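Reading through the structure tokens given below for one structure.
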Amino acid sequence: MSTPLLVQALAALSAPALAGATALGLRARRDRAGAAAGAQRLRERITELEDRCAELERTASCDPLTGVWNYRHLQLTLDREIERARRAEHADQADGPRPLAVLMLEISGFDTVIAEHGRGRANAILRDLAQRLAMEIRRADTLGRYSGEEFLVVLPDTGAEGAAQVAARLVWSVRRHLLLDWSSGTRESRPAHGNGLTAAAGVAVLPEDGAHAAVLLRAADAALAEARAAGGDCWRISSRRGDRTSTGVRETVTSGTEYGPTAERDRSEKPGSLSACAGGDPLAQPVPSHTPATVAVPRDVLS
């Protein structure tokens with residue numbers, strides 16, 4: 001067979017093969033594009049599910065009325081902080097075991113607000129006040145709604161002296177907080193002796209007042225009962241501490257203009273909202289040294 005005829009024959013035979021290879025190449029390209037698009041959709045779906053999961057976790061830990069942490073989150077936080085303190089105690093640290101304080105805060109006066117303005121406005125005032133209290137503690141601390149108008153504050157690395165300063169500041173803040181006023185006219189002046197709301201606080205400290213969550217809460221509750229029996233607008237440290245029981249509110253301490261230990265100054269210089277809606281879990285980061293705590297007593301006025 002002559003060369004031209006051979007070339008023609010080879011060309012005729014290779015044309016189908018070339019066409020098939022081209023088709024396979026196009027199909028492979030479409031498959032790669034489809035796989036890339038599918039992977040992108042999968043990544044977007046995973047991101048969406050992660051966002052929904054984070055939102056569910058936040059909602060499960062956030063009190064819907066006040067926007068601060070709820071009872072469930074408080075219990076988990078207290079258990080974990082107690083476990084941290086125990087681990088530090090067994091680590092033979094030169095500083096000794098890590099202190100931990102809890103502070104129960106009960107706000108009184110909402111019965112009058114409800115009677116005069118209704119439950120809706122009273123709830124708004126409670127939320128505003130809860131956010132104000134959250135700004136009076138460190139980011140490492142945890143403030144949450146215990147029940148009704150009662151709040152609990154968990155104060156890692158905080159001893160009795162620091163917790164007493166925090167209690168004084170929170171009691172003062174409740175009494176002097178400027179309540180919401182939605183009137184269209186001139187805003188009413190604040191009463192000379194406060195806003196009609198008062199707070200009583202009870203403090204308990206680990207390990208002096210107990211080494212378990214239930215024991216600490218009982219001690220703080222008993223101290224709160226003592227403050228309530230004294231007429232409120234004051235705070236008490238657990239009576240187990242004997243002569244360390246304290247009363248009253250010093251405005252120099254509450255306003256943050258006078259602090260004793262350096263740890264207390266460190267605490268006051270790091271304010272922040274501990275609302276579940278406002279940030280991450282404070283237990284996720286190392287806790288600097290300090291000394292505050294707060295817990296509340298049950299009385300469901302604004303449930």
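Keep in mind the model is a prediction, meaning the values are calculated, not measured.
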query: Can you name the residues that form a salt bridge (charged side-chain N to carboxylate O under 4.0 Å, His left out) with Arg41, not counting sequence neighbours?
result: none

task: Heavy atoms only: give me the nearest Phe110-Ala122 pair and the separation to one decimal.
output: CE2-O, 3.6 Å

field: Reference residue Asn123; test side-chain contact (heavy atoms from CB on, under 4.5 Å); the match among Val113, Leu65, Thr66, Ile114
entry: Leu65

- request: Please round to the nearest 0.5 Å and tell me the distance separating atom CD of Glu208 and atom OG of Ser238.
  value: 10.0 Å

Show me the donor-acceptor pairs within less than 3.5 Å that the side chains of residues 48-56 make with the rest of the protein, sequence neighbours left out.
from	atom 1	to	atom 2	distance (Å)
Glu48	OE1	Arg45	NH1	3.4
Glu48	OE2	Arg52	NH2	2.7
Glu55	OE1	Arg58	NE	3.3
Glu55	OE2	Arg58	NH2	2.4

query: Can you tell me how far CH2 of Trp235 sits from CD of Gln165, rounded to the nearest 0.5 angstrom?
result: 9.0 Å

task: Drop me the distance from Asp63's CG to His73's NE2, to the nearest 0.5 angstrom.
output: 12.5 Å

field: Asp128: side chain to side chain contact (heavy atoms under 4.5 Å, CB included) partners, not counting sequence neighbours
entry: His177, Leu180

message: Tell me the closest heavy-atom pair linking Ala211 and Ile82, and the distance in Å.
response: O-CG2, 3.6 Å

message: Is any side-chain heavy atom of Glu149 closer than 4.5 Å to one of Leu129?
response: no

- prompt: To the nearest 0.5 Å, what is the distance between OG1 (Thr198) and CD (Glu106)?
  reply: 9.0 Å

Under 3.5 Å donor-acceptor pairs involving side-chain atoms of residues 24-40, not counting sequence neighbours:
from	atom 1	to	atom 2	distance (Å)
Gln40	OE1	Arg43	NH2	2.7
Gln40	NE2	Glu44	OE2	3.2

query: Are Val215 and Leu206 close enough that some pair of their side-chain heavy atoms sits under 4.5 Å apart?
result: no

Where Ala220 and Ala204 come nearest, the two heavy atoms and their spacing: N-CB, 3.6 Å

statement: Here the pair of heavy atoms bringing Ala160 nearest to Ile237 is O-CD1, 4.1 Å

field: Close side-chain approach of Glu81 and Arg98, heavy atoms under 4.5 Å
entry: yes

message: Working to the nearest 0.5 angstrom, can you tell me the gap between Leu143 CG and Leu170 CG?
response: 7.5 Å

message: Testing the basics here: between Gly232 and Ala200, what is the closest heavy-atom pair and its distance to 0.1 Å?
response: CA-CB, 4.2 Å

field: Min side-chain heavy-atom separation Phe151-Leu74 under 4.5 Å
entry: no

message: Can you confirm whether Asp221 sits close enough to Tyr146 that some side-chain heavy atom of one is under 4.5 Å from a side-chain heavy atom of the other?
response: no

query: Do Trp69 and Thr142 touch side chain to side chain, with heavy atoms closer than 4.5 Å?
result: yes

task: Take His117 and Ile125 through the side-chain contact (heavy atoms from CB on, under 4.5 Å) test and state the conclusion after the steps.
output: CA-CA 11 Å; His117 305 287; Ile125 290 174; 5.7 Å; no

query: Which atom pair, heavy atoms only, marks the closest approach of Cys234 to Ala227?
result: SG-O, 3.5 Å

- prompt: What residues form a side chain to side chain contact (heavy atoms under 4.5 Å, CB included) with Arg72, not counting sequence neighbours?
  reply: Ala60, Ser61, Asn70, Leu76

field: Heavy-atom donor-acceptor pair, Arg228 side chain to Gly231 backbone, under 3.5 Å
entry: no

- prompt: Who are the side chain to side chain contact (heavy atoms under 4.5 Å, CB included) partners of Glu83, not counting sequence neighbours?
  reply: Arg86, Arg87

query: Out of curiosity, Leu100 CG to Leu78 CG, how far, rounded to the nearest 0.5 Å?
result: 6.5 Å

